[in-house]
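Working notes, beginning with the structure itself.
Just so you know, residue 1 is the first one in the sequence shown, and it goes up from there.
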Amino acid sequence: MSHIVDFRQRFIFLVFSILLNSAANALTIATNLGSAVWTGSSVNLSDWIHISLGTTLLLYGLAVTLLNQLMLGHFDQRRFISNLLYILPFSYLVEFIGYFWRWLGVPSFAWPLRLVLNLCGLLGVAMAVSIYQRCNLIQHPNDDLSYILRFRFLHGSAIIAQWTSYLPPLTITVVAFLATGQLRAIGIGTLFALTAQGAIMGWSDTHVFPGLKHHVDVPTATPHHPA
């Protein structure tokens, strides 16, 4: 992969973003005030099917990896492998870093402090996604779905792409709630993520490590010309 343009810089930022994304997602789960939409959906799916969070995140990621191939309209081997390479460490990092946050006592902190930590976690998630989407070496399939929607169908709009990509996790969250009667990792933080994460990602593109530019590699949709 050394022939890839700016590979060294992009790889360093990629590793940083995976660690940031894992730690930030785990922090939002520990506060129990609402996680990013995909993460909250995974927590509730895990409770529903009685499988560990790490394994649930991994299986979830595999399913979305296949969806991404359908959205591209052709089999992209590099992207397929990229999605798998991301979810393998990320899925279990979220679970095990979560143990660390619980060891620190985050779930028992006072509500105002947990709210601050929750918002910091959500900001960290959005910034991490912006960073590794710009690196575009490997990506989490959930965020790759947003990336494909953004640049293939939605003219580069981070906000609309984020909202559109939320349809699958929101559906699964509702189904899990109907099946179990309980909701976890869904709350004020989830509302914040729903309304602001796309905007924060767009802001991060130009303000968080602004020297790191987008390396876009998806074809745009073929425009329709009326007969």
Side-chain angles (χ1 to χ4, degrees), residues 20-65 67 86-87 90-129 140-146 149 159-201:
L20 174 61
N21 197 27
S22 303
N25 271 290
L27 180 59
T28 64
I29 295 172
T31 63
N32 199 31
L33 290 177
S35 302
V37 178
W38 282 102
T39 306
S41 175
S42 299
V43 171
N44 286 283
L45 180 61
S46 174
D47 286 350
W48 178 24
I49 63 179
H50 303 293
I51 296 179
S52 71
L53 178 60
T55 301
T56 300
L57 286 165
L58 180 61
L59 295 175
Y60 211 162
L62 287 171
V64 180
T65 295
L67 176 61
Y86 194 102
I87 60 173
F90 172 80
S91 298
Y92 292 101
L93 276 171
V94 172
E95 180 175 355
F96 290 115
I97 294 176
Y99 297 147
F100 171 73
W101 293 128
R102 289 195 289 275
W103 176 76
L104 287 181
V106 170
S108 61
F109 287 172
W111 186 87
L113 179 55
R114 285 191 293 124
L115 179 60
V116 171
L117 292 174
N118 182 266
L119 295 177
C120 287
L122 292 167
L123 288 171
V125 170
M127 291 177 184
V129 174
H140 193 295
N142 297 349
D143 298 310
D144 205 12
L145 174 61
S146 172
L149 290 168
I159 297 175
I160 299 176
Q162 199 70 39
W163 273 95
T164 305
S165 71
Y166 284 155
L167 293 176
L170 287 173
T171 301
I172 289 177
T173 299
V174 170
V175 173
F177 171 71
L178 293 175
T180 65
Q182 295 182 335
L183 277 180
R184 286 186 58 212
I186 301 293
I188 188 172
T190 310
L191 293 176
F192 177 81
L194 275 168
T195 57
Q197 186 167 342
I200 296 170
M201 286 170 53

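Contact between T190 and S35 at its shortest, heavy atoms only, is OG1-O, 3.1 Å. The shortest non-hydrogen separation linking S22 to F90 is OG-CD1, 3.3 Å. Of all non-hydrogen atoms in W163 and T195, the two that sit nearest each other are CZ2-CA, 4.2 Å. The minimum heavy-atom distance linking Q197 with A36 is given by the pair OE1-CB, 3.9 Å. Listed here is the closest heavy atom pair of T55 and E95: N-OE1, 4.4 Å. Residue Y92 comes nearest to G54 through the heavy atom pair CE2-C, 3.7 Å, listed as atom of the first residue, atom of the second, then distance.
A distance of 13.0 Å separates CZ in F192 from CG in L33, rounded to the nearest 0.5 Å. Summarising the geometry, atom CZ belonging to R114 is positioned 10.0 Å from atom CZ belonging to F109; distances are rounded to the nearest 0.5 Å. For the atom pair CG (L27) and CZ (F100), the distance works out to 10.5 Å, reported to the nearest 0.5 Å. Here the straight-line distance linking atom CD1 of I29 with atom OG of S42 works out to 8.0 Å at 0.5 Å rounding. Atom-to-atom distance recorded for I172:CD1 and N44:CG is 10.5 Å, nearest 0.5 angstrom. To the nearest 0.5 Å, the span separating CE on M127 from SG on C120 amounts to 9.0 Å.
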(request) Take L45 and V175 through the test side-chain contact (heavy atoms from CB on, under 4.5 Å) and record every step on the way to the result. (result) CA-CA 9 Å; L45 180 61; V175 173; over 6 Å; no
(message) Show, in sequence, the C-alpha distance, side-chain angles and deciding distance for V174 and L178, and conclude whether the side-chain contact (heavy atoms from CB on, under 4.5 Å) test is met.
(response) CA-CA 6 Å; V174 170; L178 293 175; 4.2 Å; yes
(request) Take T39 and N25, measure what side-chain hydrogen bond (donor to acceptor under 3.5 Å, both in side chains) needs, and give me the verdict at the end. (result) CA-CA 7 Å; T39 306; N25 271 290; 2.4 Å; yes
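For the pair W101 (side chain) and A23 (backbone), a donor-acceptor distance under 3.5 Å is present. For T65 (side chain) and G61 (main-chain N/O), a donor-acceptor pair under 3.5 Å exists by modelled atom type. Remark: the backbone N or O of L58 is paired with a side-chain donor or acceptor of S91 at under 3.5 angstrom.
Inter-residue side-chain proximity for I87 and V64 is flagged as unmet; no heavy-atom pair is nearer than 4.5 Å. L53 places a side-chain heavy atom less than 4.5 Å from the side chain of L57. Inter-residue side-chain proximity for P169 and Y60 is flagged as met; some heavy-atom pair is nearer than 4.5 Å. Using a 4.5 Å heavy-atom cutoff, the side chains of N21 and V125 are in contact. Using a 4.5 Å heavy-atom cutoff, the side chains of I160 and L149 are not in contact. I186 has its side chain out of reach of F177: every pair of non-hydrogen atoms, C-beta onward, lies at least 4.5 Å apart. Put simply, the side chain of L194 reaches to within 4.5 Å of the side chain of Y166, judged on heavy atoms. Contact check for L115 versus T31: no side-chain heavy atoms found under the 4.5 Å cut-off.
Partner T28 forms a side-chain contact (heavy atoms from CB on, under 4.5 Å) with one of L117, N118, V94 and no other, that one being N118.
Within a 6.0 Å radius of CD1 in I188, no more than 12 heavy atoms belonging to other residues, nucleotides or ligands are found.
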